[in-house]
Amino acid sequence: MILQARNIVKRYPGVLALDGVDLDVAAGEIVAVVGENGAGKSTLMKILAGDVAPDGGDLRVDGRATRFGSPRDAIDAGVVLIHQELSLADNLDVGANILLGREPRTGPFLRRADAAVRAAAALRAAGLDLDPSASVASLGMGTRQLVEIAKALSTEARVLIMDEPTSSLTAAEADRLFETIERLRDEGTAIVYISHRLGEIERLADRGVVLRDGRFVRSFERDEIVRDRIVESMVGRDLAVDAGLRAGAGSHHGEARLEIRGLRTIRHPQHAVDLTIRSGEIVALGGLVGAGRTELLRAIFGIDRRVAGEILVDGESRRIRGPADAADAGIALVPEDRKSDGLLLDESISENLVLPGLARTAAGGVIRRPRAERGLAESLVTRMGVRPAIHDLLAGGLSGGNQQKVAVGRWVGCDPIVFLLDEPTRGVDVGAKAEIHALLDRIARSGAAVLAASSEMEELLAVSDRVVVMHEGRIAGTLARHDASESAIMRLATGGPAADVARSEIS
Amino acid sequence: MKRAGKILGVFGLLVATCVATSALTPYFLTAYNIENLLRRTSLFGVISIGAAFVIIVGGIDLSIGSVVALVGCLLPWLLVEHGVPIWFAVPGVLLLGLLLGLCHGLLVQRVRLQPFIVTLCGLLIYRGMARGVTGDQTVGFQNGFKGLRSLVKTRFEVPGLDGFAIPSTLLILVAIATLAVIFLRFTVWGRHLLATGRNASAARHGGVRTDRYVVLAYVICAGLAGFGGMLFILDVGSAQPADFGNFYELFAIAAAVLGGCSLRGGEGSVIGVIIGAALMQVLQNAITLIDWIPDNIQYAVIGAVIIAGAISDEGFRRLLLRRRTGTP
Amino acid sequence: MTNPLHLAAPMLASLILIGCGDSDPGAATSPQAGTVASPRLAYVTNGVADFWTIAKAGADAAGVDQGAEVDVLMPTGGVTDQKRMLEDLVTRQVDGIAVSPIDPGNQVDVIDAAAARTPVITHDSDAPGSARRCYIGMDNYDAGRMCGRLVKEALPDGGEIFIFVGRIEQDNARRRRQGVIDELLDRDADPERFDEPGGPLAGSKYTVLGTLTDQFDRAKAKANVEDVLSRHPDVDGMVGLFAYNPPLILEALDGAGKTGAVEVIAFDEDEETLQGIIDGSVAGTIVQNPYMYGYKSIEVLSKIARGEDPGIPEDGMIAIPARTIRAADVEAFWADLREKTGKE
């Protein structure tokens with residue numbers, strides 16, 4: 001065993017984040033740590049990496065008791081954490097980032113040649129064919145993730161802790177990352193891998209450890225790792241996986257509620273997009289990162305300027321020059337980045353929930369009525385299932401899943417006609433994900449048109465009536481529910497022919 | 001409540017300063033002195049409320065002092081030097097203030113310039129305009145325009161309180177503050193303005209017309225600076241364009257920050273800002289009235305008090321944050 | 001529409017000419033520039049004020065009489081700004097500079113640096129010990145004593161007075177104030193004496209309660225007067241040493257309903273001060289003769305530039321005496337002033 005953690009305890013004001021957790025990591029194995037948000041995974045990782053000091057328990061490296069006072073101590077002991085939010089300085093080049101803080105130098109002077117050699121070696125070890133003098137700003141997210149790994153390897157890390165490394169990667173980038181991880185394992189590095197994507201864990205992990213509410217639940221050996229069993233022990237209940245959610249929705253949808261005609265975004269002005277969504281219908285928008293899904297949603301909602309195109313809501317052409325116009329037309333967007341775009345983190349849950357519908361609760365549309373606002377906020381907290389259901393708690397204090405419920409809920413109060421969602425369950429744990437899916441189902445059943453962009457195949461297939469796949473700014477094809485499969489979606493997303501696609505669904 | 005707590009801090013500071021000053025000098029709590037303090041606080045309060053609006057949307061306005069100078073010099077210049085009728089000159093200079101604010105807002109919102117740069121240039125340009133237009137001459141009312149000047153010079157005797165009168169400027173401040181409080185706390189517009197300052201992107205995604213609120217804040221700020229400039233010149237009677245209103249933007253910004261406005265935007269209380277403005281005036285008054293404090297260290301005292309306020313405020317914020325979020 | 005080329009051509013030409021002038025190696029080698037028929041002279045003030053507008057009128061008039069080209073510069077940024085102006089004037093190779101140093105004690109090197117390249121004289125405020133050719137103005141200490149005598153006339157039975165001034169670190173303000181104090185305390189003449197502005201200074205009949213400065217912020221200047229009325233409700237007299245101080249004293253007295261109850265003794269000739277003398281709310285004022293400062297400065301510089309004898313006395317001081325203006329003289333003085341400044 002390289003790293004052993006015994007009986008780790010960590011308290012935060014009002015919360016017992018870790019309650020006597022054990023974790024062993026041996027050389028040449030990949031240990032997956034899974035659990036819902038708030039289960040204590042991130043806290044445990046921070047303790048292992050010296051970011052946070054535990055309140056109790058022992059850490060052993062190579063069998064010797066150790067105490068990490070800072071990340072520096074952990075790095076010196078060979079334990080490196082790669083954060084979920086990448087921490088590369090994009091004003092510096094790749095080589096400078098890899099060696100940041102450990103530059104080879106003579107007195108105050110950088111030894112440039114030496115630095116270049118060391119950076120190049122680290123990049124090779126990470127399986128990256130990249131010039132150390134390349135600019136970080138020009139790299140895609142997947143490459144950046146690999147640069148982070150190179151940075152960790154350059155410190156001669158023996159234990160690599162990865163927190164949600166694929167959350168912003170495309171499928172191809174993720175595959176490349178997995179190959180590198182497997183190679184490092186085979187070369188003897190110990191890897192602790194955290195992810196919500198159970199498919200990745202099935203593929204990679206030699207062992208799985210499940211945490212729930214700050215406690216160790218159980219561990220799985222390689223051949224026991226089956227998603228349903230893991231999910232069950234994560235949430236602590238038998239979860240009806242939402243595969244059958246839209247089964248009963250059928251194909252008898254109502255009138256067209258949203259029609260997009262000839263829409264051209266600034267990013268992809270050469271392609272005109274046409275799309276119609278009917279009452280009660282959930283359309284999933286699939287495609288690779290950069291396919292133009294986010295741009296399409298932002299253009300419909302008026303965040304970005306449109307080069308051309310008409311938007312009709314309930315058959316009526318609407319002039320949308322900004323989000324406020326879109327909201328007036330009955331269109332809502334739950335944006336991809338909820339922390340910066342979706343929520344006011346420093347305001348209370350109720351302030352967030354009532355904001356878009358404020359004028360509707362106000363007398364004459366201007367003078368606020370605190371009682372009406374409070375009533376609306378309380379009913380939304382209940383309907384969305386926000387936990388804890390304390391409406392004057394700051395939104396920033398909620399877990400990711402509950403923040404997302406508030407981001408969706410702030411529009412539910414306005415009864416929108418068209419509901420646009422961009423990556424509605426990114427960074428959300430399994431339990432909250434199912435709740436959000438059920439929420440989309442209810443919204444659709446109430447008669448709204450729903451358009452949800454997602455990078456997750458399972459999500460695309462589970463909650464939609466129809467999957468519209470985009471490729472390089474255009475609609476590559478549409479798959480009806482019964483035709484949709486992971487392989488069909490991937491074929492369209494990568495620009496392949498739409499041979500066996502039922503085109504009849506395109507209005 | 002968070003807001004009440006923030007006001008309590010600066011209010012406590014004000015009370016403490018008043019108590020200390022009145023203990024150290026018998027002249028502080030005289031009817032005449034209090035009346036003076038009320039009048040000065042009112043004048044600075046008006047421009048500080050303007051500064052607060054811009055700070056609430058996450059901006060800054062450095063041109064306040066120069067707008068005060070421009071409007072303050074133009075008014076007597078138009079009335080006395082050029083015989084422009086009052087009904088034209090007064091609305092004219094006030095409109096000028098609003099227009100300058102509109103320029104600031106559009107440059108910040110549409111042209112996407114940084115507020116610091118836009119209003120720093122405003123500071124230089126309006127000062128230069130004031131000096132250029134008046135030819136660097138001192139302008140004043142020369143004992144005329146008593147009717148117009150009664151706007152700030154009228155005193156309302158309080159029966160039963162010997163010699164104490166409420167200055168009309170206080171009523172003006174109360175009127176403006178009331179409108180500002182109603183706007184910020186009781187209207188949808190105010191909520192939208194606060195949300196814009198808190199997180200413009202999230203507010204915009206929430207259907208708030210953030211661009212309009214940013215422009216509106218600059219219009220309110222420069223408009224109140226212009227109005228304040230008119231009140232200052234009516235009170236003082238004459239102005240030298242080279243130095244009239246110098247540094248007033250810093251007094252206004254300091255009052256706003258003392259009163260609970262965060263330079264990060266999204267937070268602010270009108271009452272707090274007025275208390276902040278009052279605190280600055282009381283401090284200056286105290287330094288003059290107390291014999292053993294040398295007059296020339298007054299800026300040092302003011303600076304020290306603002307830093308003390310900011311430190312206690314930050315401590316308070318962390319305490320609340322810890323309590324409200326539960327988890328770190 | 002004017003063709004922009006019509007404008008541009010002469011501008012270009014003049015730029016070239018200026019450039020040529022700058023590169024002429026003979027022009028600035030010696031301060032004794034000698035025989036310039038039409039000298040280029042500069043008149044630098046210590047700030048922006050009506051006082052200087054009158055001085056400018058005098059300087060301009062002398063420029064016409066002497067056939068000199070006169071540039072009047074008014075710094076707004078204090079010492080730094082004035083230093084920059086002097087340096088720029090030397091760079092422009094003017095044939096003479098008259099300057100009113102803001103902080104003479106610390107500006108000797110600046111004045112000397114300029115005086116090494118071109119003749120420099122001081123006016124209004126002197127810089128003793130510098131290489132200036134002469135000083136044109138009044139002795140501020142003497143003027144202060146004149147002001148003190150005016151206080152004695154206004155308050156023959158003695159009393160408590162307070163002094164208001166823009167900045168005390170300025171030499172003319174310091175000497176002026178010291179003159180007032182020394183006269184009221186019946187001390188011997190000693191212009192170098194300095195009483196700290198803090199606590200009261202009591203003499204046999206008169207007490208100077210204190211001195212307050214405002215750094216040229218008028219709202220602050222008025223607030224100072226109000227605060228003194230709070231602090232010393234029984235003050236008998238107020239002395240305003242800078243031109244804008246007396247009107248603001250009147251303004252504050254008016255607000256407090258004390259017009260006439262407190263004697264106001266003024267300095268300089270602000271219109272409201274003069275009106276106050278007519279109305280009886282101001283006892284009197286000490287006026288300098290800024291017109292003559294300007295006129296005499298340019299006259300002396302012109303003569304130096306042309307190599308004529310400027311008529312500088314042994315002690316290097318060309319005195320332009322101050323005058324006391326009381327109710328009896330005010331109308332005539334004001335009429336003359338209006339004529340000189342071109343105001344109606």
Side-chain angles (χ1 to χ4, degrees), chain B residues 25-37 39-40 43-44 68 72 127 131 134-138 140-143 149 152-153 155 163 165 167 232-233 235-248 251 281 284-296 298-299, chain C residues 45 47-53 56 72 74-77 166-169 196-200 209-233 243-244 247-248 250-252 254-258 270-272 274-276 279 281 341 343:
Chain B
T25 169
Y27 306 103
F28 181 71
L29 287 179
T30 57
Y32 175 68
N33 194 49
I34 296 197
E35 188 185 323
N36 284 335
L37 284 174
R39 185 158 34 75
R40 294 175 206 164
L43 295 176
F44 281 98
V68 165
R127 176 69 60 187
R131 293 184 51 195
T134 59
D136 264 344
Q137 295 292 298
T138 301
F141 294 109
Q142 299 180 348
N143 282 317
R149 296 190 65 189
V152 297
K153 297 207 151 282
R155 306 164 68 240
F232 273 112
I233 187 69
D235 180 45
V236 178
S238 73
Q240 166 50 249
D243 50 39
F244 193 67
N246 247 349
F247 290 124
Y248 284 10
F251 284 114
Q281 293 308 311
Q284 296 196 50
N285 180 249
I287 292 164
T288 311
L289 289 189
I290 299 171
D291 290 331
W292 51 266
I293 305 181
D295 193 52
N296 46 17
Q298 57 164 311
Y299 285 141
Chain C
T45 72
V48 181
D50 285 352
F51 182 85
W52 293 120
T53 313
K56 182 180 189 304
V72 178
M74 305 195 185
T76 55
R167 269 205 286 245
I168 204 164
E169 59 271 31
E196 290 293 329
L209 293 169
T211 304
L212 279 179
T213 61
D214 52 59
Q215 308 301 325
F216 300 128
D217 177 350
R218 278 156 203 255
K220 172 75 175 145
K222 185 181 174 213
N224 280 344
V225 182
E226 291 166 350
D227 289 347
V228 166
L229 288 173
S230 296
R231 173 67 182 80
H232 305 286
Y244 62 86
L248 293 172
L250 291 177
E251 200 58 60
D254 186 41
K258 288 193 171 180
D270 192 282
E271 295 196 350
E272 286 178 47
L274 298 177
Q275 188 61 45
D279 298 342
S281 52
T341 54
K343 290 185 182 173

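By convention in this document, chain letters (A, B, ...) are assigned in the order of the sequence lines, proteins followed by strands, and residues within each chain are numbered from 1.
- No hydrogens or angles considered: nothing links the side chains of B:N285 and B:N36 as a donor-acceptor pair under 3.5 Å.
- Using a 4.5 Å cut-off between heavy atoms, B:Y248 contacts chain C through its side chain alone, with no backbone atom that close.
- By number of non-hydrogen pairs under 4.5 angstrom with chain B, the leading residue of C:L248, C:L229, C:D270 is C:L229.
- At a 4.5 Å heavy-atom cutoff, C:P197 makes no contact with chain B through either its backbone or its side chain.
- A salt bridge does not link C:R218 to C:E251: none of the charged side-chain nitrogens sits closer than 4.0 Å to a carboxylate oxygen.
- Between C:E226 and C:K222 there is a salt bridge, with a side-chain nitrogen of the basic residue lying less than 4.0 Å from a carboxylate oxygen of the acidic one.
- Using the six-membered ring where Trp is involved, B:F251 and B:F44 have ring planes that are perpendicular, over 60° apart on the 30 and 60° scheme.
- At a 4.5 Å heavy-atom cutoff, the contact between C:A49 and chain B is made by backbone atoms alone.
- For B:A239, the part lying under 4.5 angstrom from a heavy atom of chain C is the backbone only.
- Contact annotation for C:Q275: only side-chain heavy atoms (C-beta onward) come within less than 4.5 Å of a heavy atom of chain B.
- Proximity of B:F141 to B:R149: side-chain heavy atoms (C-beta onward) are separated by under 4.5 Å at one or more points.
- Looking at heavy atoms from C-beta onward, B:F28 lies in side-chain contact with B:L37 at the 4.5 angstrom threshold.
- When heavy atoms are compared at a cutoff of 4.5 Å, B:R127 does not approach chain C at all.
- The contact between C:D217 and chain B is made entirely by side chain atoms (from C-beta outward), counting heavy-atom distances below 4.5 Å.
- Counting heavy-atom pairs closer than 4.5 Å to chain B, the top-ranked of the candidates C:A256, C:A252, C:G255, C:A223 is C:A223.
- The candidate from B:D235, B:T25, B:N246 with the greatest count of non-hydrogen atom pairs under 4.5 Å with chain C is B:D235.
- Checked for salt-bridge contact, B:R40 and C:D227 meet the test: a charged N lies under 4.0 Å from a carboxylate O.
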